[in-house]
Enquirer: 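Pasting a structure below so you can have a look.
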2 protein chains.
Amino acid sequence: MGLTKTALFTKQQNEIAAMAKALAHPARIAIIQYLIKQNACICGDLVEQLGLAQATISQHLKELKAVGIIQGTIEGASVCYCIDPKTWKRYQQVFAGFLKDVDFKDSSCC
Amino acid sequence: MGLTKTALFTKQQNEIAAMAKALAHPARIAIIQYLIKQNACICGDLVEQLGLAQATISQHLKELKAVGIIQGTIEGASVCYCIDPKTWKRYQQVFAGFLKDVDFKDSSCC
DNA sequence: TTGTTACATTGCAATATTACGATAAAACAA
DNA sequence: TTGTTTTATCGTAATATTGCAATGTAACAA
């Protein structure tokens, strides 16, 4: 069917998966890293930097905006993008919480 | 085209994206959480727990095995799955490294 | 106004993912 | 051996993702 059965899982599980999905493409990782390095930039900079078509970059930016990890502010004809500090902290917390230390038994399997 | 242009990105960016992709489905999050809670379990347990078809669970297990986050050992007719401690630590390090603290300028955007 | 620049959106093609029934394979019991 | 249990794999359908050319839209300049 190709449709994830969201209802079978907890809210938390769906949230972690959705957050991971936003990071599940190298172009989006590259965008985030570039935004951190430059503090902020416009869409055109990313098109040059990454070597993907403008429409493609715009689509990736849309996805990152949808999960709230970046925000864009209109700056004349261009749009200035940057990391949203609040969502960034949430990402840190959620992933640190999920990837917590586990007390693995000796050679854990059976 | 539907084909990610892997060559445009660094090895590190591709790795982070691949690791995130493995976590980008709630069923796989649920499987990992259950494995941590129970220390280990067999495929049949997960089929009961999650309410997905056996073929579907088996497929998710295959993906998790492919990135090395879980390992399976044959135990008679069944297969015992558990978290791979080494890969788990790598996940912790990689995500902690990527989601590091950022010194956000005042209201960071432009 | 006309033209230009910067992005977003639309429409499409190629590929990937999700899900499951059916079937295969391997271990074991009777 | 035959049957049962457990998991993997195959085949298929439905849906999602990736990528880009073309087009739309908004801001600005001349």
Side-chain angles (χ1 to χ4, degrees), chain A residues 1-9 13-14 17-31 35 40-67 70-82 109-110, chain B residues 1-9 13-14 17-31 35 40-67 70-82 109-110:
Chain A
M1 326 246 169
L3 178 59
T4 295
K5 295 194 157 179
T6 306
L8 287 178
F9 310 102
Q13 287 161 346
N14 284 308
M19 290 171 84
K21 202 173 192 177
L23 304 180
H25 194 288
R28 295 195 288 272
I29 299 294
I31 289 171
L35 282 178
C41 74
I42 61 171
C43 174
D45 294 341
L46 293 165
V47 176
E48 272 187 43
Q49 271 289 315
L50 303 199
L52 286 172
Q54 182 266 322
T56 307
I57 297 290
S58 195
Q59 197 176 307
H60 283 302
L61 287 170
K62 192 179 178 182
E63 282 181 68
L64 291 172
K65 238 186 334 188
V67 294
I70 68 171
Q71 57 187 65
T73 34
I74 298 174
E75 194 76 13
S78 53
V79 178
C80 175
Y81 285 100
C82 64
C109 255
C110 300
Chain B
M1 322 237 165
L3 178 59
T4 295
K5 294 193 156 179
T6 305
L8 288 178
F9 310 103
Q13 287 162 345
N14 284 309
M19 289 171 84
K21 202 173 192 177
L23 303 180
H25 193 287
R28 294 195 289 271
I29 299 294
I31 288 171
L35 282 179
C41 74
I42 61 171
C43 172
D45 294 340
L46 292 164
V47 175
E48 270 188 45
Q49 272 289 315
L50 303 198
L52 286 172
Q54 181 266 323
T56 308
I57 297 290
S58 194
Q59 199 173 305
H60 283 302
L61 287 170
K62 192 178 177 182
E63 281 181 67
L64 290 172
K65 236 185 336 187
V67 294
I70 67 171
Q71 57 188 64
T73 34
I74 297 174
E75 194 77 12
S78 51
V79 178
C80 175
Y81 284 101
C82 64
C109 255
C110 301

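Residue numbers start from 1 in every chain, and the chains themselves are labelled A, B, ... in the order their sequence lines are given, proteins ahead of strands.
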Enquirer: Which distance, rounded to the nearest 0.5 Å, do you find between the CG of A/Leu50 and the CD1 of A/Ile57?
Expert: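 Those atoms lie 4.0 Å apart.
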Enquirer: Assign the ring pair A/His25 / A/His60 to parallel, tilted or perpendicular, where the plane angle (0 to 90°) is split at 30° and 60°.
Expert: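 Rings of A/His25 and A/His60: tilted, 30 to 60°.
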Enquirer: Between atom CG in B/Leu52 and atom P in C/dT17, what is the gap in whole Å?
Expert: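 Whole-Å distance recorded here is 17 Å.
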Enquirer: Between the protein and nucleotides 1-9 of chain D, which nitrogen or oxygen pairs come in under 3.5 angstrom?
Expert:
residue: D/dT7; atom: OP1; partner: B/Cys43; partner atom: N; Å: 3.2
residue: D/dT7; atom: OP2; partner: B/Gly44; partner atom: N; Å: 2.8
residue: D/dA8; atom: OP1; partner: B/Tyr81; partner atom: OH; Å: 2.3
residue: D/dA8; atom: OP2; partner: B/Ser58; partner atom: OG; Å: 2.8
residue: D/dA8; atom: N7; partner: B/Gln54; partner atom: NE2; Å: 2.8
residue: D/dA8; atom: N6; partner: B/Gln54; partner atom: OE1; Å: 3.0

Enquirer: Could you tell me whether A/Glu75 contacts a base, only the sugar-phosphate backbone, or nothing, with contacts defined as non-hydrogen atoms closer than 4.0 Å?
Expert: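 Nothing: the residue A/Glu75, judged by heavy atoms under 4.0 Å, touches no strand.
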Enquirer: Do you know the tightest heavy-atom contact between B/Cys41 and B/Leu46?
Expert: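 Heavy atoms only, the tightest pair is SG-CG, 3.7 Å.
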Enquirer: Who passes side chain to side chain donor-acceptor pair (under 3.5 Å) against B/Gln59, sequence neighbours left out?
Expert: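 Partners of B/Gln59 under the side chain to side chain donor-acceptor pair (under 3.5 Å) test: none.
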Enquirer: Taking the side chain as everything from C-beta on, heavy atoms only, tell me whether A/Cys43 gets closer than 4.5 Å to A/Leu61.
Expert: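 The answer is yes; the side chains approach within 4.5 Å.
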Enquirer: Check whether any side-chain N or O of A/His60 sits under 4.0 Å from OP1 or OP2 of D/dG19, and answer yes or no.
Expert: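 For A/His60, the contact criterion (side-chain N or O under 4.0 Å from OP1 or OP2 of D/dG19) is met.
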Enquirer: Note the angle between the end axes of the helix from C/dT1-D/dA30 to C/dA30-D/dT1, five pairs defining each, rounded to 10 degrees.
Expert: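 The helix from C/dT1-D/dA30 to C/dA30-D/dT1 shows an end-to-end axis angle of 10°.
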Enquirer: About how many Å separate CD1 of A/Ile42 and SG of A/Cys80, when rounded to the nearest 0.5 Å?
Expert: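 Reported value, rounded in 0.5 Å steps: 8.5 Å.
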Enquirer: Roughly how many Å is it from CG in B/Leu3 to P in D/dT18, rounded to a whole number?
Expert: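 So the CG-P distance, B/Leu3 to D/dT18, works out to 11 Å.
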Enquirer: Could you state the CD-P distance from A/Glu63 to C/dT9, rounded to the nearest angstrom?
Expert: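 Roughly 13 Å, once rounded to whole Å.
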Enquirer: Quick one: side chain to side chain contact (heavy atoms under 4.5 Å, CB included) partners of B/Ser58, sequence neighbours excluded?
Expert: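 Here the qualifying residues are B/Gln54.
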Enquirer: Under the side chain to side chain contact (heavy atoms under 4.5 Å, CB included) rule, collect the residues that match up with B/Lys62, sequence neighbours excluded.
Expert: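 Partners of B/Lys62 by the side chain to side chain contact (heavy atoms under 4.5 Å, CB included) criterion come out as none, since no residue qualifies.
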Enquirer: Rounded at 0.5 Å granularity, tell me how far CD1 in A/Ile70 sits from CG in A/Leu35.
Expert: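 Taking CD1 in A/Ile70 and CG in A/Leu35, the distance rounds to 6.0 Å.
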Enquirer: Only pairs at least two apart or in different chains count here, so list each salt bridge (charged side-chain N to carboxylate O under 4.0 Å, His left out) that has a residue in residues 22-31 of chain B.
Expert: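 Passing the test, one end in residues 22-31 of chain B: B/Arg28-B/Glu63.
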Enquirer: How would you label the contact of B/Ile57 with the nucleic acid (heavy atoms, under 4.0 Å): base, sugar-phosphate, or nothing?
Expert: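 No contact.
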Enquirer: Is the shortest side-chain N/O distance from B/Lys5 to OP1 or OP2 of D/dC20 below 4.0 Å?
Expert: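 Yes, within the criterion.
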Enquirer: Within this structure, what is the CG-to-C1' distance between A/Asn14 and C/dT18, rounded to whole angstrom?
Expert: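 From A/Asn14 CG to C/dT18 C1': 14 Å.
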Enquirer: How many Å lie between NZ on A/Lys21 and P on D/dT18, as a whole number?
Expert: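 Rounded to whole Å, this separation is 9 Å.
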Enquirer: Which residue pairs satisfy the salt bridge (charged side-chain N to carboxylate O under 4.0 Å, His left out) criterion with at least one member in residues 44-54 of chain B, sequence neighbours excluded?
Expert: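 Listed once each, the pairs would be none.
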Enquirer: Tell me which residues in residues 23-30 of chain A lie within less than 4.0 Å of DNA chain C, going by non-hydrogen atoms.
Expert: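 Within residues 23-30 of chain A, no residue comes under 4.0 Å of DNA chain C.
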